Enquirer: 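Attaching a single structure in structure tokens format; questions to follow.
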Amino acid sequence: MIMEYPFEIIEKKWQKIWNDKKIFSADNNTNKPKYYVLSMFPYPSGALHMGHVSNYSIGDAISRYKLTQGFNVMQPMGYDSFGMPAENFAIKNNSHPRLTTEENIAIMRKQFDMIGFGLDWDREVSTCRPDYYKWGQWFFKKMYEKGLAYKKSSFVNWCDDCQTVLANEQVEDGKCWRCDNVVRQKELEQWFFRITEYAEELLDFSKMTDWPERVIAMQKNWIGKSYGTRIDFTLEGSDTTIPVFTTRPDTIFGCTFMALPPEHPLVSEWLKDEAADSDLNQFCQKVLNEDKIMRSAEDTTKEGRFTGRFAINPVNGDKVQIWVTNYVLMDYGTGAVMAVPTHDQRDFEFARKYDIPMKIVIQNPEKTLVPEEMTEAYTEPGILVNSGKFDGMDSDVSKETISNWMQENNMGEQTITYRLRDWGVSRQRYWGNPIPIIHCDHCGTVLVPDEDLPVQLPDNVQLGKTTQNPLLSVSEWVNTTCPKCGRPARRETDTMDTFVDSSWYFARYADAHNTEMPFSSENADYWLPVDQYIGGIEHACMHLLYARFFHKFMRDLGMVHSDEPFTRLLTQGMVTKDGAKMSKSKGNVVDPQYIVDRFGADTVRVFMLFASPPEKDVEWSDEGVKGAFRFLNRIWRLFDERLEIISADYTKAAGHLSPAIKELRYSTHFTIKKVLSDIEDRMQFNTAIAAVMEHLNNITGIKHPEQLNDAEKAVFAESCLIIPRLMYFFAPHISEELWAMSGHDTLVHEAGLIQWNPAFLIKSEITYVIQVMGKVRGKIVVPTSASQDEIKTLALANENVQKFIEGKTIQKVIVIPKKLVSIVAK
RNA sequence: GCGAAAGUGGCGGAACUGGUAGACGCGCUGGACUUAGAAUCCAGUGGGAGUUUUCUCAUAGGGGUUCGAGUCCCCUCUUUCGCACCA
């Protein structure tokens, strides 16, 4: 007796057949409708982990479903192969990132094949290879030419451990997202992409028909649009204006001081007149050295120093003190704040601490506010007081009125401010895409000409020997000649953030071997946008936002003709074990290789897809995997034992069908309908698989199929044969084998998407549940043809129902067609 | 603090538009087969009461709407995630 089905032989066999027939090679020229399924490409860290298996099993299920439906499906794969881990590994082990990265890619590739994912390897991209990164440099040049790439000196998040700059998105809780080291502030010349130029358009989510609300909310939050007013204060005794941004123009008459950050240009200027050891100077130095996160943590005490200077409030000519503080951010709004202690909690705390005057301008409904008695700021709406001609006005109404009035009198203007900052793309690391810039003493910043692209990353670099940018160690690379004047010049030694590489790879897949362009518009127009994108939620404000930005930029270059790159997005959950994400440090990793060797790829996939809906976390369970394996074995045994019945020809079969067989036929067609709609309408694979399991139970409920007449055997055979056609999406290898075994010479997907016959879903009898006052009191089986009145009569006649309506007046009888009868009796 | 999502058996989860709560799987209990185990098969499996028909409680907690609420509304609690001195 066979204990376990021979998954190993079967899986190898079908992988080879798929491969030989190139069924997953997508055609760029076809009249078939296209479907582009994309899972986020992996960082080649060494071997596939369960997270990858889970993620790609989802993509593969969708891909095979669409293939079966007759679409021209593209499901490509590649590697996000630049990045710091490879470089850090190389430093530790005295190797080279190129070698270890290529080795890892080879390992991963073998594992992709072992699981049998239907990927189009002809389109493979790897971001660290010159044929790919050449075009990243090309895009950088385009950004620069369009004024969207620029260099500025700024305070940046610096990780001492990784020796590089981090984008705001890469700082989590004041720590580096990769190594958990505390991030500090460092002033550096950096390259930026002007993503803020697209802020408004990035807030338009109307083209993403199927994005999780959560991701949209996170991006909205991240972009952080706020409407407000710019108000121009003037510096006392000069004509310098100091603009501030506020969302509370209604409180302008209550401004009693102005708060500036130490980075503010005016402050730097004033410090020149100060002694080096002056209190103000020392304070500014201290705050500047503190890292941004410490400064912006909510529990950090607000501190400041009076500058001795005053600003003039344009609305009433009031002289207000100018303070340097640690709680104002230079890179939000105008980098200056009008402080209204009575109506802003931060300003309130600060003013109390330093004994700065307070003035009420919004009175509460009880009219009880007195500055001396306040223990916190009053931030609710109210009635304006001490506000000149606006006294008595409702504060909410006055926002508009006051800012209009200020605008008319040139005191300020209504504006919009975003929280989103420009994208810092410079990285002071080796293993990334070189920025195609040459610095010339005569010509300044010069772009590397197109014919010299790509700027190749030199191999002979010294890693980890110095704390400076590694590329500086390759003098023959750094020192070059200016493309404009031919004089000696130096190359830019920063490389690009790897998020630049991953911001356009989805378009490269459309035309992966183009040597003239990143991709042709023709191919991009055919394939883009991606129909279904799959990846982790952790990229909500990073990769997914950058890719949207890049896509719009490519559109503005005329290269693509859609507004958004990803029509549908599925954010899959993590694979957890013992409630925690699988990770080496926690020691709860399960190696896919081991599981595939022991149970086969189909089992792992079925387990992953069955354990929970795709967007939720999957809790790993050894027993659950065995359950999936048991299920596939039961299917196998069914075919093995009943093969003769299943593969017979029933074209001339005739005979009477027993009620049990009619039930089985119902189950067959119901299951087809259920599985297809679970995939198509809900993308819920766990319930689809559950439906097949239930159907299998129904089949094995027929104890002696060999005793059935031919017509019944035909129904039995049909009920079995839908299994490979429905399980193909989740367990493709065993499905192909069963399909072939039962006498079919096509591949499963070539047989097309199986359809259900609605005629077999019509039941001759329907079970109605009877409720009395909302509680279930009985059931009746009624012919489908019964009228409402007949159903009512039968329901009221039910014995158990009688007990509950006895002695009561029937007030209402509600009949819900095909479901239940509800009796209201008092 | 702001924003979002979620809370259902011992566990993962189902219940799609308000209509039999707990599909399916895991685990567990009993039985069959076996010298024994593994595997497989059969039966049972939310709590309580009852010999059975059946009754009753139960979807974080408390209210409400409704003939009927896991599902809709209000309040409270808990968890997870994102943002967080953004003026």
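Keep in mind that what you see is a predicted model, and the values were worked out from it rather than measured. First the proteins, then the strands, lettered A, B, ... as listed; each starts at 1.
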Enquirer: Between A/R777 and B/rC55, is there a side-chain N or O to OP1/OP2 distance below 4.0 Å?
Expert: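 Checking A/R777 against B/rC55: at least one side-chain N or O falls below 4.0 Å of OP1 or OP2.
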
Enquirer: Are the side chain of A/D347 and the backbone N or O of A/P341 linked by a donor-acceptor pair below 3.5 Å?
Expert: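 The answer is no, because no donor-acceptor pair under 3.5 Å joins these two groups.
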
Enquirer: I want to verify a distance call: between B/rU20, B/rA15, B/rA4, whose nearest atom is closest to the A/Q771 side chain?
Expert: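 That would be B/rU20.
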
Enquirer: Go through the side-chain N and O atoms of A/N326 and A/R305 and say whether any donor and acceptor fall under 3.5 Å apart.
Expert: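 No, because no side-chain N or O of A/N326 sits under 3.5 Å from a partner of the opposite role on A/R305.
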
Enquirer: Give a yes or no on whether a donor-acceptor pair under 3.5 Å exists between the nucleobase atoms of B/rG25, that is its base, and the side chain of A/E623.
Expert: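 Answer is no: no donor-acceptor pair is held.
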
Enquirer: Should B/rA23 form a Watson-Crick or G-U wobble pair with both distances under 3.5 Å, which nucleotide is its partner?
Expert: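 B/rA23 is unpaired by these criteria.
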
Enquirer: Once you apply the 3.5 Å cut-off to both distances, tell me the Watson-Crick or G-U wobble partner of B/rA15, or none.
Expert: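 Paired with no nucleotide.
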
Enquirer: Please confirm whether the backbone N or O of A/F192 pairs with a side-chain atom of A/D422, one donor and one acceptor, at under 3.5 Å?
Expert: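 Checking the backbone N and O of A/F192 against the side chain of A/D422, no donor-acceptor pair under 3.5 Å is found.
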
Enquirer: Quick one: label A/K775 by what it contacts on the DNA or RNA (base, sugar-phosphate, nothing), any heavy atom closer than 4.0 Å.
Expert: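 A/K775: backbone/sugar contact only, no base atoms under 4.0 Å.
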
Enquirer: Any idea which of B/rC67, B/rA87, B/rC41 is nearest the A/R634 side chain?
Expert: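 The closest nucleotide is B/rC41.
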
Enquirer: What I want to check is whether the side chains of A/T576 and A/D617 have a donor and an acceptor closer together than 3.5 Å.
Expert: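 Absent: no donor and acceptor within the cut-off.
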
Enquirer: Base, sugar-phosphate, or nothing: which does A/E349 touch, judged by heavy atoms less than 4.0 Å apart?
Expert: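 No contact.
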
Enquirer: Would you mind pulling out the nucleotide paired to B/rU34, Watson-Crick or G-U wobble, both distances under 3.5 Å?
Expert: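 Check on B/rU34: unpaired, no WC or wobble geometry under 3.5 Å.
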
Enquirer: Determine the Euclidean distance between corresponding C1' atoms of B/rU17 and B/rG68; express it in Å to zero decimal places.
Expert: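 Here B/rG68 and B/rU17 have their C1' atoms 16 Å from each other.
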
Enquirer: According to a strict under-4.0 Å criterion, is A/R214 in side-chain N/O contact with OP1 or OP2 of B/rG3?
Expert: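 For B/rG3, OP1/OP2 do not have a side-chain N/O of A/R214 under 4.0 Å.
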
Enquirer: Map A/G224 and A/S822 onto RNA chain B by nearest heavy atom, then report which one ends up closer to the 5' terminus.
Expert: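 That would be A/S822.
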
Enquirer: Counting only Watson-Crick pairs (N1-N3 plus N6-O4 or O6-N4) and G-U wobbles (N1-O2, O6-N3), all under 3.5 Å, who is the partner of B/rU65?
Expert: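 For B/rU65, the partner nucleotide comes out as none, under the 3.5 Å rule.
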
Enquirer: Please report the distance, rounded to the nearest Å, between NZ in A/K616 and C1' in B/rC11.
Expert: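 Checked: the NZ to C1' distance equals 13 Å.
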
Enquirer: Within this structure, what is the CD1-to-C1' distance between A/I814 and B/rG18, rounded to whole angstrom?
Expert: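 After rounding, the reported distance stands at 12 Å.
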
Enquirer: Can you tell me which nucleotide in B/rA15, B/rG25, B/rU54 comes closest to the side chain of A/K803?
Expert: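 Taking heavy atoms from C-beta onward, the closest nucleotide is B/rU54.
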
Enquirer: For A/R230, answer base if it contacts any base atom (sugar-phosphate contacts may also be present), sugar-phosphate if it contacts only those atoms, and nothing otherwise; contact means non-hydrogen atoms under 4.0 Å.
Expert: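 Nothing, no nucleic acid heavy atom in range.
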
Enquirer: Using a cut-off of 4.0 Å on non-hydrogen atoms, how would the nucleic acid contact of A/G627 be classed: base, sugar-phosphate, or nothing?
Expert: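 A/G627: backbone/sugar contact only, no base atoms under 4.0 Å.
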
Enquirer: Would you mind classifying the nucleic acid contact of A/N686 as base, sugar-phosphate or nothing, using non-hydrogen atoms under 4.0 angstrom?
Expert: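 Sugar-phosphate contact only - A/N686 comes under 4.0 Å of backbone atoms but never of a base.
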
Enquirer: Would you say a side-chain N or O of A/Q684 is under 4.0 Å from OP1 or OP2 of B/rA15?
Expert: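 Looking at the OP1 and OP2 atoms of B/rA15, one of them is under 4.0 Å from a side-chain N or O of A/Q684.
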
Enquirer: In whole Å, measure the gap between the C1' atoms of B/rC24 and B/rC73 for me.
Expert: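 My reading of the C1' atoms in B/rC24 and B/rC73 gives 33 Å.
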
Enquirer: Who does B/rA5 pair with, Watson-Crick or G-U, both distances under 3.5 Å?
Expert: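 Answer to the pairing question: B/rU79, which forms a Watson-Crick or G-U pair with B/rA5.
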
Enquirer: To the nearest angstrom, how far is A/F670 atom CZ from B/rA23 atom P?
Expert: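 Distance, rounded to whole Å: 15 Å.
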
Enquirer: Are any of A/K703's side-chain N or O atoms less than 4.0 Å away from OP1 or OP2 of B/rC42?
Expert: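 Answer is yes, contact under 4.0 Å.
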
Enquirer: Under 4.0 Å, counting only non-hydrogen atoms across every strand here, what does A/T247 touch: a base, just sugar-phosphate, or nothing?
Expert: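 Sugar-phosphate, backbone atoms only, no base.
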
Enquirer: Determine the contact category for A/F804: base if any of its heavy atoms lies under 4.0 Å from a base atom, sugar-phosphate if only primed atoms, P, OP1 or OP2 are that close, otherwise nothing.
Expert: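 Touches sugar-phosphate only.
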
Enquirer: Look at the aromatic rings of A/F350 and A/Y327 and report parallel, tilted or perpendicular, splitting at 30° and 60°.
Expert: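 Geometry flag for A/Y327 against A/F350: tilted rings.
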
Enquirer: At under 4.0 Å between heavy atoms, what does A/E694 touch on the DNA or RNA strands: base, sugar-phosphate, or nothing?
Expert: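 It contacts sugar-phosphate atoms only.
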
Enquirer: Is any side-chain N or O of A/K302 under 3.5 Å from a base N or O of B/rC85, one able to act as donor and the other as acceptor?
Expert: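 Indeed, a donor on one side and an acceptor on the other fall under 3.5 Å apart.
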
Enquirer: Compare the minimum distances between each of B/rG19, B/rC24, B/rA87 and the side chain of A/V328, then state the nucleotide with the smallest one.
Expert: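 The answer is B/rA87, which lies nearest to the side chain.
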
Enquirer: Using a 90° cut-off around 0 for syn, call B/rG9 syn or anti.
Expert: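 Syn for B/rG9; the angle stays within 90° of 0.
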
Enquirer: B/rG25, B/rA15, B/rA84: which one has an atom nearest the side-chain heavy atoms of A/F610?
Expert: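 The answer is B/rG25.
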
Enquirer: With a 3.5 angstrom cut-off on both distances, give the Watson-Crick or G-U wobble partner of B/rC28, or none if there isn't one.
Expert: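 Per the H-bond distance test, B/rG44.
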
Enquirer: Using side-chain contact (heavy atoms from CB on, under 4.5 Å), reason through A/D602 and A/F7 one step at a time and then give a plain yes or no.
Expert: CA-CA 8 Å; A/D602 283 339; A/F7 58 85; over 6 Å; no

Enquirer: A/N221 or A/M773: which one's nearest nucleotide on RNA chain B is closer to the 5' end?
Expert: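 Per heavy-atom nearest nucleotide, the more 5' residue is A/M773.
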
Enquirer: Could you tell me whether the phosphate oxygens of B/rA87, OP1 or OP2, come under 4.0 Å of any side-chain nitrogen or oxygen in A/Y327?
Expert: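 It does not, given that no N or O in the side chain of A/Y327 lies less than 4.0 Å from OP1 or OP2 of B/rA87.
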
Enquirer: Give one of base, sugar-phosphate or nothing for A/A611, where a contact means two heavy atoms less than 4.0 Å apart.
Expert: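 The answer is sugar-phosphate, as A/A611 gets under 4.0 Å only of primed atoms, P, OP1 or OP2.
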
Enquirer: Between A/I252 (CD1) and B/rA87 (C1'), how many Å, whole number?
Expert: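 Taking CD1 of A/I252 and C1' of B/rA87, I get 12 Å after rounding.
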
Enquirer: Sort out the partner of B/rU71 for me: Watson-Crick or G-U wobble, both distances under 3.5 Å, none otherwise.
Expert: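 B/rU71 is paired with nothing.
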
Enquirer: Is it true that a side-chain atom of A/Q219 and a backbone atom of A/A540 form a donor plus acceptor pair closer than 3.5 Å?
Expert: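 Yes; at least one donor-acceptor contact below 3.5 Å.
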
Enquirer: How many Å lie between CZ on A/R630 and C1' on B/rC24, as a whole number?
Expert: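 From A/R630 CZ to B/rC24 C1': 14 Å.
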
Enquirer: Has A/H264 got a side-chain atom pairing as donor or acceptor with A/L266's backbone, closer than 3.5 angstrom?
Expert: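 Confirmed, A/H264 side chain pairs with A/L266 backbone.
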
Enquirer: In whole Å, I'd like the distance from the CD1 atom of A/I766 to the P atom of B/rG19.
Expert: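 Value for this atom pair: 17 Å.
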
Enquirer: Look at the rings of A/F629 and A/Y5 and say which category their plane angle falls in: under 30° parallel, 30 to 60° tilted, over 60° perpendicular.
Expert: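 Tilted, since the angle between the ring planes falls between 30° and 60°.
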
Enquirer: Once you round it to whole Å, what is the distance between P of B/rC26 and CG of A/N697?
Expert: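 After rounding, the reported distance stands at 10 Å.
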
Enquirer: In whole angstrom, what separates A/K577's NZ from B/rG12's C1'?
Expert: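 Rounded to the whole Å, the gap is 15 Å.
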
Enquirer: Categorize A/N800 for me: base, sugar-phosphate, or nothing, with a 4.0 angstrom heavy-atom threshold over every strand shown.
Expert: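 Sugar-phosphate, backbone atoms only, no base.
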
